[in-house]
Amino acid sequence: MEWPGTAKVSGGTAPTGVVLLADRRVARRPLLEVVAGAGAGGVRFVVLREKDLPRPERLALAVELRAVLADVGGTLIVAGPDPLDGDAVHLPAAGPYPPPRLGLVGRSCHDPAELARLSTEDYATLSPVFPTRTKPGYGPPLQPTGLAELIKVSPVPALALGGIETPDQVRACVEAGATGVAVLGALMRAEDPTETATTLTGSFQKVVTPVPQPPTATRGKE
């Protein structure tokens, strides 16, 4: 299932809608349960971080997450250059350059200089948009105005990231030009991930779905 506003890129379909950043250390429930709940609420892209795990454990987790996402036609993106036997990665601003040749490649960016270094990446995340509990003091926050300025110079579709927890924040980011929003805390800490995901994805859809216009009345010939 593709959401309205899906961005097509040379390497595939850039993430859109609400993108979940998985972090077992802040999750209120078991990680697989949170991801399944988010998928039931409309999330179709999940970024696996968990960089502290040894590769065999991280690979096993990736296999489990892909199985969960397969039920909703979702995609797992692995943070870092190692795709863990998959075909989608999200790279840090620091490197590697050039990016690997895979089906889907994203990169974290924070300013025009980092955006200017993009080459064959399919999308970028722009952060932090709002103050974030996950990385307090990280910033300064772009706010929607700063986000819009970066999106104007971005050569690829951009996701908004950082402190996005409410439908109003989702709407502000999409109105600024983001193709979606990357969310960690609001979903990881949610009592009901499905309900939270449904609320946030619903806000995204309202912004990107065209409002039907009534037909224009025409006068008959005299």
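As the structure is a prediction and not an experimental result, all values here were calculated from the model.
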How close do [X] and [Y] get, heavy atom to heavy atom, and via which atoms?
X: Asp23; Y: Arg49; answer: OD2-NH2, 3.4 Å
X: Pro167; Y: Thr199; answer: CG-CG2, 3.5 Å
X: Asp87; Y: Leu102; answer: OD1-CD2, 3.5 Å
X: Val26; Y: Arg189; answer: O-CG, 3.7 Å
X: Val181; Y: Cys173; answer: CG1-CB, 3.8 Å
X: Phe45; Y: Ala14; answer: CZ-O, 4.2 Å

### Task
Show the numbers, then the answer: is there a side chain to side chain contact (heavy atoms under 4.5 Å, CB included) between Leu91 and Ser108?
CA-CA 6 Å; Leu91 306 173; Ser108 298; over 6 Å; no
### Message
Is there a path of hydrophobic side-chain contacts, each under 4.5 Å between heavy atoms of I/L/V/M/F/W/Y residues, joining Val153 to Tyr123?
### Response
yes
Would you give the length of the straight line joining atom [atom1] of [X] to atom [atom2] of [Y], rounded to the nearest 0.5 angstrom?
X: Asp82; Y: Lys51; atom1: CG; atom2: NZ; answer: 11.0 Å
X: Glu175; Y: Asp168; atom1: CD; atom2: CG; answer: 9.5 Å
X: Ile164; Y: Thr132; atom1: CD1; atom2: OG1; answer: 9.5 Å
X: Leu48; Y: Leu31; atom1: CG; atom2: CG; answer: 7.5 Å
X: Leu118; Y: Cys109; atom1: CG; atom2: SG; answer: 4.5 Å
X: Arg171; Y: Phe204; atom1: CZ; atom2: CZ; answer: 13.5 Å

### Task
Can you spot which of Pro99, Pro157, Pro98, Pro155 makes a side chain to side chain contact (heavy atoms under 4.5 Å, CB included) with Glu121?
Pro99
### Message
I'd like to know if the side chain of Gln143 and the backbone of Phe130 have a donor-acceptor N/O pair within less than 3.5 Å.
### Response
no
### Query
Around Arg101, counting heavy atoms of other residues, nucleotides and ligands shown, do more than 12 lie under 6.0 Å from its CZ?
no
#### Entry: Cationic N near anionic O, under 4.0 Å, Glu114 to Arg117
no
Taking distance alone, no hydrogens or angles, what donor-acceptor pairs closer than 3.5 Å link side-chain atoms of residues 61-81 to residues at least two apart or in another chain?
unit_1: Arg66; atom_1: NH1; unit_2: Leu84; atom_2: O; d: 3.0
unit_1: Arg66; atom_1: NH2; unit_2: Pro83; atom_2: O; d: 2.9
unit_1: Arg66; atom_1: NH2; unit_2: Leu84; atom_2: O; d: 3.2

### Query
Tell me, do Thr125 and His90 make a side-chain contact under 4.5 Å, heavy atoms counted?
yes
## Note on the structure
Taken in chain and number order and not counting sequence neighbours, the residues that satisfy salt bridge (charged side-chain N to carboxylate O under 4.0 Å, His left out) with Arg24 are Glu50, Asp52
